[in-house]
Amino acid sequence: MAADQPTVLVVEDEAAQREVLRYNLETEGFRVAAAGNGEEALVMMEEEHPDVVVLDWMLPNLSGIEVCRQLKTRSGTRSVPVIMLSARSEEVDRVRGLETGADDYVVKPYSLRELMARVRAQLRRARPASAGLKLEYEDIVLDSETHRVTRDGQELKLGPTEFRLLSTFMEKPGRVWSREQLLDRVWGRDIYVDTRTVDVHIGRLRKALGAHGGTDPLRTVRGAGYALG
Ligand code: CA
């Protein structure tokens with residue numbers, strides 16, 4: 001399983017529906033984390049760092065609306081897109097759902113094809129590199145489909161880890177990534193790698209980016225991690 005495979009968190013209390021979603025999302029090539037209630041979903045946000053959340057409105061105890069509201073008020077989870085699922089089709093509910101900060105809203109019974117398309121659309125917005133798009137930052141161009149990187153028109157030679165590091169940075173220029181976050185995103189959370197390994201690969205990435213000259217676009221943020229620009 002590729003470490004940079006996008007993760008979708010499914011929050012649904014009905015086991016059968018949860019498994020249908022899991023099966024279909026996995027078939028689409030996503031890694032799936034599943035929670036059966038809101039409390040569990042909030043814990044999994046911290047542990048799994050999903051790229052998109054598919055959230056059922058009707059959950060026991062903590063409702064989907066409340067989960068969404070909490071995700072959208074926390075700085076660590078605010079930017080993760082949330083697609084709300086609901087049996088309610090009244091316009092007033094739809095508005096209420098979007099007011100809590102949900103990025104999209106799908107009414108049950110939904111077509112799985114449509115839901116998958118909406119998940120992909122949210123992902124393209126949140127993680128363009130994993131959707132096979134071309135990313136640009138200043139004179140650097142990264143093509144996630146062909147795995148080619150150029151700087152000022154000249155091709156750069158990057159190892160697979162350096163490529164994944166660079167695409168992570170280029171998805172969110174300016175964002176500071178801690179070593180732990182880079183480990184999760186680039187190496188995958190199941191693999192034990194020392195945080196110093198991150199520094200080694202950052203060094204290699206810097207060297208590759210400077211192969212034909214140009215200033216170092218990576219910034220070391222003391223005590224915090226690394227950022228592009
Ligand atoms: Ca439900």
Side-chain angles (χ1 to χ4, degrees), residues 2-7 9 31 33 42-53 70-82 101 103 122-131 133-144 147-152 154-229:
D4 55 350
Q5 189 182 29
T7 301
L9 173 62
R31 198 175 77 83
L42 292 174
V43 172
M44 288 187 111
M45 285 303 289
E46 309 287 332
E47 291 179 349
E48 304 287 339
H49 304 290
D51 300 288
V52 177
V53 181
Q70 290 200 26
L71 294 182
K72 293 298 180 184
T73 50
R74 296 181 184 182
S75 62
T77 54
R78 187 177 297 147
S79 61
V80 180
V82 175
D103 299 86
Q122 291 299 331
L123 189 67
R124 270 197 298 280
R125 206 166 57 81
R127 285 194 60 190
S130 62
L133 302 180
K134 237 178 217 178
L135 301 183
E136 288 183 35
Y137 175 78
E138 294 185 346
D139 57 354
I140 304 168
V141 180
L142 179 146
D143 187 329
S144 59
H147 272 233
R148 285 183 66 205
V149 179
T150 60
R151 185 167 189 190
D152 199 18
Q154 289 180 285
E155 188 154 0
L156 301 180
K157 294 229 180 325
L158 262 63
T161 303
E162 287 71 41
F163 182 87
R164 286 204 296 273
L165 268 174
L166 183 62
S167 67
T168 300
F169 284 123
M170 287 184 73
E171 282 179 343
K172 291 190 171 71
R175 170 180 166 168
V176 179
W177 295 83
S178 70
R179 288 171 177 80
E180 287 76 16
Q181 287 169 334
L182 289 172
L183 278 178
D184 272 5
R185 176 59 73 92
V186 174
W187 281 264
R189 55 184 10 262
D190 303 329
I191 300 162
Y192 178 76
V193 183
D194 195 275
T195 50
R196 275 169 301 185
T197 307
V198 176
D199 300 336
V200 171
H201 286 275
I202 291 281
R204 286 186 195 161
L205 176 58
R206 281 189 156 129
K207 203 174 160 201
L209 289 172
H212 304 292
T215 54
D216 181 5
L218 292 176
R219 193 159 50 92
T220 305
V221 184
R222 193 179 289 270
Y226 297 101
L228 178 67

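In what follows, residues are counted from 1 in the order of the sequence shown.
- Atom CD of Glu47 is separated from atom CG of Leu42 by 11.5 Å, given to the nearest 0.5 angstrom.
- The shortest non-hydrogen separation linking Asp143 to Phe163 is O-CZ, 3.9 Å.
- The side-chain contact (heavy atoms from CB on, under 4.5 Å) test with Leu205 is passed by exactly one of Leu165, Leu156, Val200: Leu165.
- The side-chain hydrogen bond (donor to acceptor under 3.5 Å, both in side chains) search around Thr7 returns Arg31, not counting sequence neighbours.
- A search for salt bridge (charged side-chain N to carboxylate O under 4.0 Å, His left out) contacts involving Glu155 returns Arg148, not counting sequence neighbours.
- Contacts of Lys72 classified as side chain to side chain contact (heavy atoms under 4.5 Å, CB included), with partners at least two apart in sequence or in another chain: Cys68, Val82, Asp103.
- Residues forming a side chain to side chain contact (heavy atoms under 4.5 Å, CB included) with Thr168 (at least two apart in sequence, or on another chain): Trp177, Leu182, Arg185, Val186.
- Residues Tyr137 and Leu142 form no side-chain contact, since every pair of their non-hydrogen atoms from C-beta on lies 4.5 Å or further apart.
- We find the OG-CD distance between Ser144 and Glu171 to be 8.0 Å, quoted to the nearest 0.5 Å.
- Contacts classified as salt bridge (charged side-chain N to carboxylate O under 4.0 Å, His left out) and involving residues 213-229 (residues at least two apart or in different chains) are given here: Arg206-Asp216.
- Between Arg125 and Pro81 the shortest side-chain heavy-atom distance falls below 4.5 Å.
- Contact between Pro6 and Leu123 at its shortest, heavy atoms only, is CG-CD2, 3.6 Å.
- The shortest side-chain heavy-atom distance between Pro217 and Leu209 falls under the 4.5 Å cut-off.
- Taking CZ of Arg74 as the reference point, atom CE of Met45 lies at 9.0 Å (rounded to 0.5 Å).
- With sequence neighbours excluded, no residue satisfies salt bridge (charged side-chain N to carboxylate O under 4.0 Å, His left out) with Lys207.
- The shortest side-chain heavy-atom distance between Leu228 and Lys172 does not fall under the 4.5 Å cut-off.
- Donor-acceptor pairing under 3.5 Å is lacking for the side chains of Gln154 and Arg151.
- Residues satisfying the side-chain hydrogen bond (donor to acceptor under 3.5 Å, both in side chains) criterion with Glu162, sequence neighbours excluded, are His201.
- Glu136 pairs by the side chain to side chain contact (heavy atoms under 4.5 Å, CB included) definition with Val141, not counting sequence neighbours.
- Applying the salt bridge (charged side-chain N to carboxylate O under 4.0 Å, His left out) definition to pairs two or more places apart or across chains, those involving residues 192-201 are Arg179-Asp199, Asp194-Arg196.
- Counting heavy atoms from C-beta outward, Ile140 and Leu135 have side chains that stay 4.5 Å or more apart.
- Residues Arg78 and Thr73 fail the side-chain proximity criterion, which asks for heavy atoms closer than 4.5 Å.
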For this session: Could you please spell out the steps behind the side-chain contact (heavy atoms from CB on, under 4.5 Å) verdict for Lys134 and Met170?
Result: CA-CA 10 Å; Lys134 237 178 217 178; Met170 287 184 73; over 6 Å; no
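- When the side chain to side chain contact (heavy atoms under 4.5 Å, CB included) test is applied to Asp152, the partners found at least two apart in sequence or on another chain are Asp139.
- To the nearest 0.5 Å, atom CD of residue Glu48 and atom CG of residue Asp184 are 9.0 Å apart.
- Scanning both residues, Pro50 and Val80, for their nearest heavy atoms gives O-CG1, 3.6 Å.
- To the nearest 0.5 angstrom, Leu158 atom CG is 10.0 Å from Ser167 atom OG.
- At a threshold of 4.5 Å between non-hydrogen side-chain atoms, the residues Ile202 and Thr220 do not count as touching.
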